[in-house]
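Report on the following structure.
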Amino acid sequence: MTLRSVILGTGSYLPKKRVTNHDLSQHLDTSHEWIMERTGISARHIAAPEEYTSTMAIEAAQKALTAAQLTAQDIDMLILATSTPDHVFPSTASRIQESLGISKGFAFDQAAACSGFIFALATADAYLKQEMAKTALIIGSETMSRLLDWEDRGTAVLFGDGAGAVVLQAQTQTDRGILGSLLRTNGAGYDQLYVNGGPSTTQTIGTIQMNGREVFRNAVNRLEEAVEGILKIHNISQEEIDWLVPHQANKRIIDATAKKLGLPEEKVIHTGADQANTSAASIPLALDNAVKDGRIKKGDLVLCEAFGAGYAWGSTLIRM
Ligand code: UT7
């Protein structure tokens, strides 16, 4: 009896406030043309002061539950992928569990920066296959705007806020579900992209520091390995991929991965233009976008990939 972790529903949430490149160029030495050409980003959504990682996650989770035709009572595992928790502890997942009215099972946060959702999906898949839970909510939610130095044009233009969620259920006798995941980290990249604050070091929150060129170079190379690696493990050819749902850090990075896979532009889900880099939220946001507009359908083979701080990177193959 083979257990599979099947996606039953997706949901997402974006804050109302939308900040364009033009808006940023009013107080920062940058331009719409530079940001578009180097990143493909044209706008980003920014959380209101009363919006938190938890509140956005709850909105996305409720939509995913509705799409799955389930209720909070059905959930017995909740994993929140985030690098921007509401508080240092308890886990923001605990807050979400309580607010949604989930009364059984367990909930925890998982941090792998921009690759957080890939790591959380892989964790959930393993737990479901061990029968530690039956039905899971996996959420990526980030308030990246709270970690930005708005004077640093090298990072301020790149990030946005938002949340995305999926409901996963362990099922037998199905071809659908997560086929497998590939996870990698290399701590040698630690200082190339990090937040210069934290409870055990500075006792401040800090802001994002990045050596963009170095991160870019590593992202392109490691993502190539991650997508080719997972296809090889599962003996799947590039032609079988219906959709690439990538982490939305930079359109040029995504284009390089799609080119390597021989995937035409129409098979790649792009949301970065209007959402920028929402870190662990970007993949579930993109997935929900393409499910809701009818592009991704039941039975389609989806390849997700992400690279980010750590360095941490990975890929997941899902039969929807
Ligand atoms: O999700 C986590 C992973 N993160 C990433 O994957 C990000 C990876 N890196 C990148 O996406 C790109 O490296 C950036 C978009 C951050 C930068 O693009 P780049 O082509 O690597 O530019 P650069 O850093 O080499 O900078 C080129 C020039 C510099 O000026 P000089 O030194 O050549 O005079 C920068 O100061 O562009 C300048 N610059 C800007 N100019 C206008 C940097 N940021 C800006 C800006 N507006 N916002």
Side-chain angles (χ1 to χ4, degrees), residues 19-44 81-84 111-120 140-145 147-162 164 184-196 207-227 245-258 260 270-273 275-286 304-315:
V19 176
T20 64
N21 292 345
H22 178 74
D23 295 334
L24 289 180
S25 68
Q26 302 303 302
H27 60 86
L28 206 56
D29 181 16
T30 189
S31 64
H32 172 70
E33 289 69 29
W34 190 96
I35 303 170
M36 262 315 264
E37 188 190 316
R38 299 293 176 116
T39 70
I41 296 166
S42 151
R44 70 286 293 142
T82 192
S83 299
T84 49
C114 293
S115 300
F117 193 76
I118 296 275
F119 277 62
S141 182
E142 302 273 22
T143 38
M144 299 304 286
S145 61
L147 291 178
L148 290 174
D149 171 358
W150 289 99
E151 308 285 311
D152 175 14
R153 66 177 183 173
T155 52
V157 304
L158 302 176
F159 294 91
D161 301 334
R184 298 284 182 271
T185 57
N186 180 354
Y190 194 99
D191 297 328
Q192 304 300 328
L193 173 53
Y194 71 107
V195 174
N196 62 357
T207 55
I208 296 174
Q209 313 292 313
M210 181 169 72
N211 180 352
R213 213 174 287 191
E214 192 56 22
V215 176
F216 187 99
R217 195 176 60 77
N218 274 279
V220 170
N221 293 334
R222 299 288 90 81
L223 285 171
E224 183 179 321
E225 291 167 16
V227 296
V245 181
H247 168 51
Q248 310 279 327
N250 185 318
K251 186 167 186 299
R252 289 187 292 144
I253 297 175
I254 297 172
D255 289 347
T257 307
K260 197 71 210 170
H270 289 285
T271 47
Q275 299 176 9
N277 180 349
T278 56
S279 190
S282 84
I283 289 176
L285 269 160
C304 302
E305 47 84 339
F307 177 91
Y311 298 127
W313 67 99
S315 53

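For ligands, and for the atoms within them, numbers begin at 1 and follow the listed sequence.
- The list of salt bridge (Lys or Arg N to Asp or Glu O under 4.0 Å) pairs with a residue in residues 184-194, not counting sequence neighbours, is empty.
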What does the N/O contact table under 3.5 Å look like for ligand 1?
| from | atom 1 | to | atom 2 | distance (Å) |
| --- | --- | --- | --- | --- |
| ligand 1 | 1 (O) | His247 | NE2 | 2.9 |
| ligand 1 | 1 (O) | Asn277 | ND2 | 2.7 |
| ligand 1 | 9 (N) | Gly212 | O | 3.1 |
| ligand 1 | 11 (O) | Asn250 | ND2 | 2.7 |
| ligand 1 | 13 (O) | Gly212 | O | 3.0 |
| ligand 1 | 20 (O) | Arg38 | NH1 | 2.7 |
| ligand 1 | 20 (O) | Arg252 | NH2 | 3.2 |
| ligand 1 | 22 (O) | Arg38 | NH1 | 3.2 |
| ligand 1 | 25 (O) | Arg213 | NE | 2.7 |
| ligand 1 | 25 (O) | Arg213 | NH2 | 2.5 |
| ligand 1 | 36 (O) | Arg153 | NH2 | 2.9 |
| ligand 1 | 37 (O) | Trp34 | NE1 | 3.3 |
| ligand 1 | 41 (N) | Trp34 | NE1 | 3.4 |
| ligand 1 | 41 (N) | Arg153 | NH1 | 3.4 |
| ligand 1 | 47 (N) | Thr30 | OG1 | 2.6 |
| ligand 1 | 48 (N) | Thr30 | OG1 | 3.1 |
| ligand 1 | 48 (N) | Arg153 | O | 2.9 |

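- With contacts defined as side-chain heavy-atom distances shorter than 4.5 Å, the pair Ile118/Glu305 does not qualify.
- Counting all heavy atoms, side chain and backbone alike, Thr82 lies closest to Ser141 at OG1-O, 2.6 Å.
- Under the 4.5 Å side-chain criterion, counting only non-hydrogen atoms from C-beta, Met210 is not in contact with Tyr194.
- Checking side-chain atoms of Arg44 against main-chain N and O of Val19 turns up a donor-acceptor pair under 3.5 Å.
- Here the side chains of Thr155 and Met144 are not in contact, with every heavy-atom distance at 4.5 Å or above.
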